[in-house]
Amino acid sequence: MEIRKPKGTNDILPEEVRKWHAIEKTAMELSDVYGYQEIRTPIFEHTELFVRGVGETTDIVGKEMYTFEDKGNRSITLRPEGTASVCRAFVENKLYGDNQVHKLYYMGPMFRYERPQKGRYKQFHQYGVELLGSNHPVTDAEIISFATELLKKMGLIDLELQINTVGCPVCKPVYRQVLIDFFSEYKEGLCPTCNERMEKNPLRILDCKNKECIEIAKEAPSMTEHVCEDCGPHYESVKGYLDAADVDYTENPRLVRGLDYYTNTAFEIIAKDFAAQGTVCGGGRYNGLVGSIGGKDVPGIGFAMGMERIILLLSEKNIFKDSKKILDYYIIALGELEEIPAFALLKKLRDHSYFAEIDYTGKNFKNKLKYADKSGAKSVIIIGENERKNKTVMIKNMETGQQEEIDLQLFINNLKEER
RNA sequence: GUGGGUGUGGCGAAGUGGUUAACGCACCGGAUUGUGACUCCGGCAUUCGUGGGUUCAAGUCCCAUCACUCACCCCA
């Protein structure tokens with residue numbers, strides 16, 4: 001039986017990797033401009049980190065974690081998201097010690113145990129940023145505008161930025177109770193999962209896709225009516241900064257993020273014409289998170305974007321141009337005696353940064369030329385008995401078909417002059 | 001976890017119970033000597049995901065199973 005890749009994982013073939021390089025490059029370059037530095041954390045962590053950080057009531061912790069016991073009977077989990085790890089590293093390495101704002105980004109694989117489908121995999125990749133150490137609303141706006149700008153730079157269009165405020169430890173519980181009171185009236189009409197949500201996380205009822213639930217939720221009181229005196233102005237202020245930076249946004253009072261740690265500002269960036277897995281980027285503020293995993297109470301905000309989804313969207317729109325490298329020279333040695341000087345020449349070409357290959361496979365000359373043609377090389381260098389004896393090379397232009405025998409040493413000397 | 005769709009050579013794809021399983025691309029060989037592309041000729045699935053069943057006869061019907069895929073939940 002042939003061994004196949006585990007469901008929900010992907011081999012990223014060379015042609016595809018070029019696309020990854022393109023968006024990774026854009027991400028890294030813009031990170032520099034915005035002042036974010038890369039951080040690399042382990043791909044697995046103690047399970048406890050995610051349970052405490054992401055939250056026990058979330059789907060991620062409840063049913064989507066890749067958890068196993070290692071040989072020392074420790075419970076280990078493949079990271080399902082990046083924020084908890086970054087915060088852990090922030091605390092563990094005492095980065096808070098200098099009392100400065102820390103701006104970090106990360107890129108890499110995440111793991112969630114769920115049924116794969118278009119734009120959703122068990123192993124997927126995120127680029128994410130975290131800004132730790134400030135609760136100033138301008139940082140909310142910075143993070144959001146960075147996210148929108150980055151997607152734009154990558155080439156995505158037709159995106160919608162949705163923002164909301166989900167409250168803080170002061171007003172969230174109050175609003176939560178308001179929602180419970182409201183939805184209790186409609187228990188019958190709500191779907192079974194929403195009835196469960198009533199106890200675990202009533203905010204998520206607002207986000208339910210079920211038709212009846214949507215109808216009921218339309219009438220539900222919104223967070224904005226219940227924010228406390230800190231959160232209200234904070235949210236207003238964030239919007240003011242966004243306006244100042246010309247960032248277009250839509251307010252969505254029913255936007256609820258699936259992770260427990262979010263406070264205040266929450267946002268998502270959605271691809272309009274990508275129905276199923278339209279969320280390309282999601283983020284928000286998480287002021288209690290660092291404290292909850294054992295650090296001092298440092299506020300934070302960040303976002304994560306799904307690389308596969310970005311690539312999917314860009315590919316559908318044919319954004320990627322063909323960046324395949326064109327072969328400068330393809331060297332053909334006609335006989336065994338010619339192979340040594342041919343290989344020596346190959347090295348010379350590469351020493352001068354030419355993209356060159358030598359024929360490994362061809363049987364007869366005709367065949368070798370055919371491979372040369374297939375390789376897409378601009379020119380072919382032929383070394384046969386005559387050339388060997390004359391100390392020359394035959395340079396054939398594959399486009400015009402014209403060829404010219406020139407002195408080997410002269411050819412090499414010209415290489416030096418050209419580059 | 002739940003529901004739908006699909007499974008024919010490396011890829012795409014005909015075939016809707018009856019002789020040798022179309023075709024296109026790719027690939028391989030040839031059209032004699034050290035010249036590719038274009039053209040021409042030839043080759044390339046004892047077998048239709050797997051296992052069972054119905055039938056005189058199955059890629060075509062039935063059942064099971066596996067795989068892939070899409071959607072729901074949820075999310076990136």
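Side-chain atoms are counted along with the backbone in the values below, which use heavy atoms only and exclude waters and symmetry mates. Numbered from 1 within each chain, the chains take letters A, B, ... in sequence-line order.
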Ring pair (Phe, Tyr, Trp, His ring centres under 6.0 Å) contacts in which one or both residues fall within residues 132-166 of chain A, not counting sequence neighbours = A/Y34-A/F146, A/Y36-A/F146, A/F146-A/F303
Using the C1' atom in both, what is the distance from B/C48 to B/G9, to the nearest Å?
-> 10 Å
Assess the pair A/F411 and A/Y329: is the distance between their ring centroids shorter than 6.0 Å?
-> yes
Would you kindly give the CG-to-P distance between A/L151 and B/A76, to the nearest whole Å?
-> 14 Å
Does A/E45 come within less than 4.0 Å of A/R88, counting only side-chain N to carboxylate O?
-> yes
Let me know the distance between NZ of A/K389 and C1' of B/G34, rounded to the nearest Å.
-> 13 Å
Touch class at under 4.0 angstrom, heavy-atom based, for A/M307 against every strand present | nothing
Please work out if A/R204 contacts a base, only the sugar-phosphate, or nothing of the nucleic acid, heavy-atom cut-off 4.0 Å.
-> sugar-phosphate
At under 4.0 Å between heavy atoms, what does A/I382 touch on the DNA or RNA strands: base, sugar-phosphate, or nothing?
-> base
Given that A/Q403 and A/C281 both sit by RNA chain B, which one's nearest nucleotide is further toward the 5' end?
-> A/Q403
With sequence neighbours excluded, tell me which residues meet side chain to side chain donor-acceptor pair (under 3.5 Å) with A/K103.
-> A/E142
Looking only at side-chain N and O atoms, does A/Q117 come under 4.0 Å of OP1 or OP2 in B/C70?
-> no
Is there any salt bridge (charged side-chain N to carboxylate O under 4.0 Å, His left out) pair reaching into residues 366-376 of chain A, and which pairs are they, with sequence neighbours excluded?
-> A/D359-A/K368
Expressed in whole Å, how much space separates the C1' atoms belonging to B/U54 and B/C62?
-> 7 Å
Roughly how far apart, to the nearest Å, are B/G59 and B/U46 at atom P?
-> 14 Å
Using the P atom as the reference point in each nucleotide, state the distance between B/C11 and B/C68 in Å, no decimals.
-> 15 Å
What distance, rounded to whole Å, do you find between the two C1' atoms, one in B/C44 and one in B/A67?
-> 27 Å
Whole-Å distance, A/L159 CG to B/A76 P, equals 16 Å
Take atom CZ in A/F44; do more than 12 heavy atoms of anything else shown fall under 6.0 Å from it?
-> no
Candidate nucleotides B/C73, B/G36, B/U35, ranked by approach to the side chain of A/K63 - the nearest = B/C73
Residues 335-344 of chain A side chain polar contacts: donor-acceptor under 3.5 Å, at least two apart:
| unit_1 | atom_1 | unit_2 | atom_2 | d |
| --- | --- | --- | --- | --- |
| A/E338 | OE1 | A/G335 | N | 2.7 |
| A/E338 | OE2 | A/R388 | NH1 | 2.3 |

Interatomic distance where CD1 belongs to A/I332 and C1' belongs to B/U35 [whole Å] | 8 Å
Just checking A/E385: base, sugar-phosphate only, or nothing, at a heavy-atom cut-off of under 4.0 Å?
-> base
State which of B/C73, B/G29, B/G1 makes the closest approach to the side chain of A/R115.
-> B/G1
Pair assignment for RNA chain B - dot-bracket with | for other-strand partners, Watson-Crick or G-U under 3.5 Å = ((((((((.[[[..)..(....]]].(((((.......))))).....[[[[[..)....]]]]])))))))....
Picking from A/N287, A/D140, A/N264, A/T263, what satisfies side chain to side chain donor-acceptor pair (under 3.5 Å) with A/N135?
-> A/N287
Taken to the nearest 0.5 Å, the spacing of A/L312 CG from A/K317 NZ works out to 11.0 Å
Can you tell me if CD on A/Q402 sees more than 12 non-hydrogen neighbours from other groups inside 6.0 Å?
-> no
Residue A/K396, side-chain heavy atoms: nucleotide from B/U35, B/C28, B/G34 that is nearest = B/U35
Which value, in whole Å, describes the distance between the C1' atoms of nucleotides B/G42 and B/G5?
-> 40 Å
With a 4.5 Å heavy-atom cut-off, do A/T67 and A/S75 have their side chains touching?
-> yes
Rounded distance in Å - CD (A/E399) to P (B/U35) | 22 Å
Which whole-number value in Å describes the distance from A/D359 CG to B/U35 P?
-> 16 Å
At under 4.0 Å between heavy atoms, what does A/Q123 touch on the DNA or RNA strands: base, sugar-phosphate, or nothing?
-> nothing
Which is true for A/G128 with a 4.0 Å heavy-atom rule: it touches a base, it touches only sugar-phosphate, or it touches nothing?
-> nothing
Look at all strands and tell whether A/E81 reaches a base, only sugar-phosphate, or nothing, counting heavy atoms closer than 4.0 Å.
-> nothing
Length of the line joining A/L156:CG and B/A76:C1', which is rounded to integer Å = 13 Å
Out of B/C68, B/A76, B/A71, minimum distance to the side chain of A/R4 belongs to B/C68
Looking at RNA chain B, which of residues 364-379 of chain A put a heavy atom within less than 4.0 Å of it?
-> A/F365, A/K366, A/N367, A/L369, A/K370, A/Y371, A/D373, A/K374
By nearest-nucleotide position on RNA chain B, the 5'-leaning member of A/G8 and A/V280 is A/G8
Proximal nucleotide (of B/A76, B/G34, B/C70) relative to the A/K118 side chain = B/C70
